[in-house]
Amino acid sequence: MLTLFLAPTGQVITASALSQAAADEDLDSLKEQADQAREELEQATEDYTQREEALEAAQEELVQTLHELQQTEVRLSEMREPLAQLASTLYQQPDVGVLGLMTSGSIDSDLQAEAHVLKLSENQEAVLSEANDLRDRQIELTSAAQELQSETQLERVELADDLDALRAQSEESTDRLMQELENRGLSVDAYMAGIECDASAGTAAAGYPNGLLPQGSLCELHQSGHFLRADAAVDLLRLNEAFTEHFGKELCITSSYRDLANQQRVYAEQPPGYAAVPGTSNHGLGLAVDLCGGVQTQGSPEFNWLEANSREYNWFHPQWAYSSPFEPWHWEHTASGGS
C-alpha cells in the first residue's frame, strides 16, 4: 500500500520519500560528526606541531642554561686558587699596613709592603664580589634548568594524551559513517565523490564550446572514468545513493561526458539519426548519461524507479527518447533545458 502525505504547499509526498529524506538526514548527521572530528584532529595536530616547536625552543634554552651553569661552575673552580693565595698572604702578613710603617726598619720596604697589601685588598673585594655573583647565578640557573626540564616533560605528556584522544574520536566517528554506508550498501568511493565534488565548479564551463569543457568544471562519478559537469555530477551521485539503497546496486553507466573527439567517434559508429551531430550532444555539455544495469530496458523495475524518482534529483528521461530515437538508457540533467 502506498501512503501519501499532503505537504502545506499542497504537494503530495510519498511515505518512501519521507523515509528517504530521514535517512539522508541521518547520513548527513554522521558526516557532520566525522567532519567535525576530523577538523578537531587537524587543529589539534597543528597545535601539537606549534607547541612542539615551542618545546624545542624551550629545550634549546635549557641546553644553553645548562651550558652557562657549567661555565659558571668552571669559573668558580678557577677562582678558588687566587682566593686561597689571598687568604694565605693576609695570614702571613697580618700587621702590614699603616701601623707597620712606624715599627719597620726600612721605609722603602714598608712602603712597598703597604702598596702590595692595598692592591691585595682591592683584588680581594673584586674577586669576592665576582665569586658571590657567580654563586647566585649558579643557584638561579640550577633552579631555571630544573623548572624548564619539568615543564617540557609535562607538556609533552599532555600533548600526546590530547592528540591520542582526538585521534580515537576521529576514528570512531569515521568508522560509524563507514558502517552506515556499508549497511545501506553504498560505495564509500561513490559517497566521497559526492562529498568532494563542488557543484559551483560547473560555472567554469560557461562560454566553452560543446565537447571542449575545462577539466576543472567536471567531477568524476562513482564509476571510474566517467565525468559530468560538476552540478550535474553532484545530483547524479545523490540519485545513485538513493538507487543503491533501493536496489542494493549502483547505477551502471556506459556513457557520460563526451569530448568532441568522442562525439565524432560515436557519430561515425552509429546509423544516421541514432547519434547527435558532433558539437550538439548534451553529452558534450556534461549533462547527459547513458545507463545500463536494467535501466536500458523500458518497463524494468530499475527504469520505472528512475522514471518515478529521478526528478527529485534534477534528472529526467527526455520525451524524445521514448520513441524517436528510442533510447531508454539516455537520461539528462534539468540544466540541459529539456523536458
Side-chain angles (χ1 to χ4, degrees), residues 1-28 31 180-187 189-191 193-195 197 199 202 219 221-223 226-257 281-283 285-339:
M1 181 178 69
L2 179 64
T3 305
L4 301 178
F5 297 89
L6 187 64
T9 59
Q11 179 184 5
V12 176
I13 305 174
T14 65
S16 62
L18 289 174
S19 176
Q20 179 62 45
D24 287 344
E25 286 182 7
D26 290 343
L27 199 59
D28 289 343
K31 178 190 174 293
E180 182 65 19
L181 292 172
E182 183 179 337
N183 292 342
R184 298 186 186 198
L186 297 174
S187 162
D189 291 340
Y191 181 76
I195 298 301
C197 180
C219 283
L221 302 177
H222 58 281
Q223 193 169 317
H226 286 281
F227 294 81
L228 286 174
R229 201 176 78 181
D231 50 339
V234 168
D235 286 338
L236 189 78
L237 289 164
R238 290 172 51 241
L239 175 60
N240 178 63
E241 282 186 24
F243 182 90
T244 302
E245 287 201 53
H246 187 81
F247 288 103
K249 62 180 181 180
E250 295 185 329
L251 281 170
C252 171
I253 305 173
T254 60
S255 183
S256 51
Y257 169 68
S281 170
N282 278 331
H283 284 283
L285 298 175
L287 299 174
V289 289
D290 292 343
L291 303 176
C292 46
V295 181
Q296 76 278 13
T297 304
Q298 186 171 335
S300 68
E302 293 86 356
F303 180 93
N304 291 342
W305 186 92
L306 271 184
E307 194 175 41
N309 296 281
S310 61
R311 284 191 180 273
E312 293 181 27
Y313 303 92
N314 300 318
W315 283 87
F316 68 97
H317 186 54
Q319 193 61 42
W320 61 261
Y322 283 96
S323 58
S324 179
F326 179 62
E327 293 186 4
W329 53 82
H330 182 88
W331 297 75
E332 296 182 357
H333 191 260
T334 52
S336 66
S339 60

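Values below: every heavy atom of this structure, side chains too, minus hydrogens, waters and symmetry copies.
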Which label fits W320 and H330: parallel for a plane angle under 30°, tilted from 30 to 60°, or perpendicular past 60°?
tilted
SG (C292) and CD (E302) are apart, to the nearest 0.5 Å, by 10.5 Å
Is the closest side-chain heavy-atom distance between H222 and L237 below 4.5 Å? yes
When every non-hydrogen atom of F326 is compared with those of Q298, the smallest separation belongs to CE1-OE1, 2.7 Å
Output for pair (R229 CZ, H333 NE2), nearest 0.5 Å, gives 7.5 Å
Rounded to the nearest 0.5 Å, the CG atom of L236 sits from the CD atom of E241 at a distance of 11.0 Å
Taken to the nearest 0.5 Å, the spacing of W329 CH2 from C252 SG works out to 13.5 Å
Evaluate the side-chain proximity of F243 to E250: yes if any heavy-atom separation is below 4.5 Å, no if none is. no
**OP:** Compare all side-chain heavy atoms of H317 with those of Y322 and state whether any distance is below 4.5 angstrom.
**Re:** yes
Tightest non-hydrogen contact, residues G202 and A230, listed as N-CB, 3.4 Å
Original post:
Any side-chain heavy atom of N240 sitting closer than 4.5 Å to one from L221?
Top reply: no
| said: So does E312 get a backbone contact from the side chain of W315, meaning a donor-acceptor N/O pair under 3.5 Å? | reply: no
Subject >> Exam field: side chain S256 to backbone V289, donor-acceptor pair closer than 3.5 Å >> reply: no
Here the gap from L251 atom CG to T244 atom OG1, rounded to the nearest 0.5 Å, amounts to 6.5 Å
Considering only heavy atoms from C-beta outward, does the side chain of I253 approach that of D290 to under 4.5 Å? no
Between A232 and G286, the two heavy atoms sitting closest are CB-O, 3.7 Å
- Item | 4.5 Å side-chain heavy-atom contact, T297 and F303 | no
Nearest heavy-atom approach of A288 to L228 is O-CD2, 3.4 Å
Exercise for the section: Indicate yes or no: at least one non-hydrogen side-chain atom of L239 is less than 4.5 angstrom from one of L306. Expected result: yes
*Can you find a pair of side-chain heavy atoms, one from F247 and one from P301, that are under 4.5 Å apart?*
yes
OH (Y257) and NE2 (H283) are apart, to the nearest 0.5 Å, by 12.5 Å
**OP:** Spell out, as yes or no, whether a donor-acceptor pair under 3.5 Å connects the side chain of S300 to the backbone of G294.
**Re:** yes
The salt bridge (charged side-chain N to carboxylate O under 4.0 Å, His left out) partners of E327 (sequence neighbours excluded) come to none
